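The model shown is predicted, which means the values in this text are computed figures rather than measured ones. The figures that follow rest on heavy atoms only: side chains count, while hydrogens, waters and symmetry mates do not.
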Amino acid sequence: MQVLTFVYRLKPTRAQHGALRRILDDQRHLYNAALQERIDAWRRGVSVGMNDQTKSLTAIRGFDETYGGVPYNLSKWTLKRLDDAMKGFFRRAKTKPGKAGFPRFRPASRWDSFGFHQTGGLRIRDGRLLFSSGVTGGLRLRMHRPLPEGAVIKSAVFTRREGIWQVALSVSVPLAANDDAQPVGIDVGIEHLATSSNGVHHANRRPGDRRARAVRRAQRALARCRRGSKRRRKVAAKLRREQRRLRNDRSTH
């Protein structure tokens, strides 16, 4: 078996968009509360870890509908995110004292994703992603490519950038055996994106060159805008769209 990740754009309704935003905010509050709990425990000389906080989460779900109404693994994913940040801090503290970078509280501007593992509970039917959550109905996907035959969805990570939602689905796919397959070496270059050992060249699309003019014009327009003006916000949003298209072109080719 091999694990692959497929990223699709979501097309939620207005109600679903609001539900996703509420889940995103609730998980950010959970992250900040869990971080505060660890700080308070450290000041008292007590150690609080991932297991302690997941036990507290189970108790909270019993009386709080905010977290009881979403999958348990969704909130656990958030706690695991904090746990990884703490482990990274302690690891850096051993090698870079004074520059370890303690995890910070997350404002809304620095929290744009949530996710969960739910084997068997995630499924796609008629172009919609179905799972048990605070979102009513299935979420429509822009299925620009189908999932492989026999793929089993293991986890999902939802991300919102500039008002656009997308989901990264990790799927488990059976590994196809081919006794006649021959190994091929790949050399990454500049003139060609890649050249294989059998002499095949893969062209470099150079998306930066193709989109440079649009990005440059948006940057110049932004520089001419007065700070704090309504026009500046519109031009800044246009610049972010052009940069997002460039980023997507580079990451998906």
Side-chain angles (χ1 to χ4, degrees), residues 1-12 16-17 19-35 37-38 48-62 64-89 91 103 106 110-143 145-161 165-175 251:
M1 302 293 287
Q2 61 177 335
V3 178
L4 302 175
T5 301
F6 292 79
V7 181
Y8 299 109
R9 179 172 175 176
L10 292 173
K11 302 173 69 177
Q16 291 174 336
H17 195 285
L20 290 171
R21 187 176 63 252
R22 285 191 295 272
I23 294 175
L24 184 67
D25 289 339
D26 292 339
Q27 294 306 307
R28 179 175 63 87
H29 294 321
L30 177 63
Y31 180 96
N32 290 338
L35 177 57
E37 181 185 22
R38 293 203 181 201
V48 174
M50 177 73 178
N51 291 336
D52 301 311
Q53 294 191 318
T54 52
K55 291 178 182 178
S56 299
L57 174 62
T58 302
I60 292 171
R61 285 170 54 84
D64 192 333
E65 294 183 359
T66 299
Y67 300 103
V70 297
Y72 168 78
N73 285 329
L74 194 152
S75 298
K76 185 178 179 180
W77 186 92
T78 302
L79 296 178
K80 181 64 167 57
R81 185 171 175 178
L82 172 62
D83 191 59
D84 290 341
M86 295 298 297
K87 289 179 179 178
F89 164 72
R91 183 175 60 253
R106 296 299 187 95
R110 297 189 64 247
W111 184 269
D112 59 5
S113 63
F114 66 88
F116 60 100
H117 302 272
Q118 190 175 344
T119 304
L122 283 162
R123 59 196 185 279
I124 294 178
R125 186 173 61 196
D126 299 330
R128 294 177 179 268
L129 177 64
L130 305 176
F131 62 99
S132 56
S133 71
V135 181
T136 303
L139 289 166
R140 286 197 303 158
L141 301 173
R142 180 173 290 178
M143 300 284 290
R145 57 173 175 168
L147 293 177
E149 186 74 21
V152 178
I153 303 176
K154 296 292 186 180
S155 66
V157 177
F158 296 83
T159 304
R160 184 186 66 175
R161 290 193 177 94
W165 284 95
Q166 65 182 26
V167 60
L169 300 176
S170 294
V171 300
S172 178
V173 182
L175 197 60
S251 63

Margin query: Within a 6.0 Å radius of atom CZ on Arg110, are there more than 12 heavy atoms belonging to other residues, nucleotides or ligands?
Written below: yes

Note to self: Measuring only between side-chain heavy atoms, which start at C-beta, is Leu141 closer than 4.5 Å to Leu10?
What the structure shows: yes

Checklist line | Value rounded to 0.5 Å, distance of CE in Met143 from CG in Asp126 | finding: 11.0 Å

Next item on the list: Find out whether Trp77 and Gln27 are in side-chain contact, i.e. whether some heavy atom of one side chain is under 4.5 Å from a heavy atom of the other.
Entry: no

Next item on the list: Step by step, work out the side-chain contact (heavy atoms from CB on, under 4.5 Å) result for Val167 and Leu139.
Entry: CA-CA 10 Å; Val167 60; Leu139 289 166; over 6 Å; no

Next item on the list: Report the distance from atom CZ of Phe114 to atom CG of Leu74, rounding to the nearest 0.5 Å.
Entry: 6.0 Å

Margin query: I'd like to know if the side chain of Arg61 reaches the main chain of Val70, judged simply by a donor and an acceptor atom lying under 3.5 Å from each other, with no hydrogens or angles considered.
Written below: yes

Notebook entry, point to check: Do you know which two heavy atoms are closest between Gly150 and Pro174, and how far apart they sit?
Noted result: O-CD, 3.8 Å

Next item on the list: May I ask you to test the Ile60-Leu30 pair for a side-chain heavy-atom distance under 4.5 Å?
Entry: no

Check: If you round to the nearest 0.5 Å, how far is CD of Gln166 from CZ of Arg9?
Finding: 9.5 Å

Check: Which residues pass the side chain to side chain donor-acceptor pair (under 3.5 Å) test with Arg81, sequence neighbours left out?
Finding: Ser113

Check: Looking only at heavy atoms, what is the nearest atom pair of Leu82 and Leu35, with distance?
Finding: CD2-N, 3.5 Å

Item checked: Smallest separation among heavy atoms of Pro148 and Phe6, with atom names -> CD-CZ, 3.4 Å

Check: Has the side chain of Asp25 got a donor or acceptor atom that lies under 3.5 Å from a matching backbone atom of Arg22?
Finding: no

Check: Which pair of non-hydrogen atoms, one from Tyr67 and one from Ser75, has the smallest distance, and what is that distance?
Finding: CD2-OG, 3.7 Å

Next item on the list: Kindly say whether Arg161 contributes a backbone atom to a donor-acceptor pair with the side chain of Asp112 at under 3.5 angstrom?
Entry: no

Check: Got a sec: does the CD of Gln2 have more than 12 other heavy atoms crowding it under 6.0 Å?
Finding: yes

Item checked: Partner residues of Lys11 under the side chain to side chain donor-acceptor pair (under 3.5 Å) criterion, sequence neighbours left out -> none

Next item on the list: To the nearest 0.5 angstrom, please state how far the CE atom of Met50 sits from the NZ atom of Lys76.
Entry: 5.5 Å

Margin query: Can you tell me how far apart CG (Leu57) and CG (Leu79) are? Round to the nearest 0.5 Å.
Written below: 5.5 Å

Checklist line | Partners passing side chain to side chain donor-acceptor pair (under 3.5 Å) against Gln53 (at least two apart in sequence or in another chain) | finding: Glu37, Arg38

Next item on the list: Could you tell me which non-hydrogen atom of Leu130 sits nearest to which non-hydrogen atom of Gly138, and how far apart they are?
Entry: CD2-CA, 3.4 Å

Check: Yes or no on side-chain contact (heavy atoms from CB on, under 4.5 Å) for Ile153 and Arg123, after CA distance, side-chain angles and deciding distance?
Finding: CA-CA 7 Å; Ile153 303 176; Arg123 59 196 185 279; 5.6 Å; no

Next item on the list: Could you list the residues that satisfy ring pair (Phe, Tyr, Trp, His ring centres under 6.0 Å) with Tyr8, not counting sequence neighbours?
Entry: His144

Check: Which pair of non-hydrogen atoms, one from Arg145 and one from Thr5, has the smallest distance, and what is that distance?
Finding: NH2-O, 4.1 Å

Margin query: Under the rule for salt bridge (charged side-chain N to carboxylate O under 4.0 Å, His left out), what residues qualify as partners of Lys80, not counting sequence neighbours?
Written below: Asp84

Note to self: Test of understanding: with side chain to side chain donor-acceptor pair (under 3.5 Å), list the residues that count as partners of Thr66, not counting sequence neighbours.
What the structure shows: Asp64

Next item on the list: Examine distances only and state if a side-chain atom of Arg160 and a backbone atom of Trp165 form a donor-acceptor pair shorter than 3.5 Å.
Entry: no

Checklist line | Spacing of CG belonging to Leu24 relative to OG1 belonging to Thr78, to within rounding of 0.5 Å | finding: 9.0 Å

Check: Are any of the side-chain heavy atoms of Val7 and Thr159 separated by less than 4.5 Å?
Finding: no

